[in-house]
Amino acid sequence: MDHPEQGTRSQERLIGDLRQVIENAEELLRNTDKYTSSLYQSARARLELALVAAAAELARFEEEQVTRMMDATLAANALYRDQTGEARLLRAFE
């Protein structure tokens with residue numbers, strides 16, 4: 001049986017891995033801009049399109065993660081009846 005914490009760690013790992021792939025691909029593009037043959041330019045264009053899609057997907061993953069964290073914090077605030085702003089803030093970092 002999967003625990004929510006395991007799912008969250010897996011998602012965080014996926015987000016980190018996707019960030020690393022994007023950074024590596026951006027570096028590859030920077031380091032190959034001097035090659036002007038049509039083969040290189042075609043490959044670079046495809047890589048640039050893939051990077052745009054990956055960056056959009058990463059942004060979506062991060063937005064969903066933030067939304068889940070906020071929802072979990074609100075649910076915990078309600079469950080534990082956190083009344084003050086300080087209690088709510090501290091709950092967010094548990």
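Numbering starts at 1 and runs along the sequence shown.
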### Query
Which value, rounded to the nearest 0.5 Å, describes the distance between Glu64 atom CD and Ile15 atom CD1?
9.0 Å

### Message
Using 0.5 Å steps for rounding, measure from the CD atom of Glu48 to the CD atom of Glu26.
### Response
10.5 Å

### Query
Hydrophobic clusters join Ile, Leu, Val, Met, Phe, Trp and Tyr when side-chain heavy atoms are under 4.5 Å apart, directly or via other members; which others share one with Tyr40?
Tyr35

### Message
Can you confirm whether Arg68 sits close enough to Gln11 that some side-chain heavy atom of one is under 4.5 Å from a side-chain heavy atom of the other?
### Response
yes

### Task
Would you please name every residue forming a side-chain contact (heavy atoms from CB on, under 4.5 Å) with Ala75, sequence neighbours left out?
none

### Query
Which atom pair, heavy atoms only, marks the closest approach of Leu51 to Ala25?
CD2-CB, 3.6 Å

### Query
With a 4.5 Å limit on heavy-atom distance, are the side chains of Arg19 and Glu62 in contact?
yes

#### Entry: Between CE on residue Met69 and CG on residue Asp71, distance to nearest 0.5 Å
11.0 Å

### Task
For residues Leu28 and Arg44, determine if any side-chain heavy atom of one lies less than 4.5 Å from a side-chain heavy atom of the other.
no

### Atom pair CG/CE of Leu74 and Met70 - distance to nearest 0.5 Å
6.5 Å

### Query
To the nearest 0.5 Å, how far apart are CZ in Arg13 and CZ in Arg9?
8.0 Å

### Task
Using a cut-off of 6.0 Å, state whether more than 12 heavy atoms not belonging to Glu86 lie near its atom CD.
no

### Task
Drop me the distance from Gln41's CD to Thr32's OG1, to the nearest 0.5 angstrom.
8.0 Å

### Message
Between Arg60 and Glu57, does any NZ, NE, NH1 or NH2 come within less than 4.0 Å of an OD or OE carboxylate oxygen?
### Response
yes

### Query
Please, which pairs that meet side-chain hydrogen bond (donor to acceptor under 3.5 Å, both in side chains) have at least one residue in residues 72-81, sequence neighbours excluded?
Asn77-Asp82

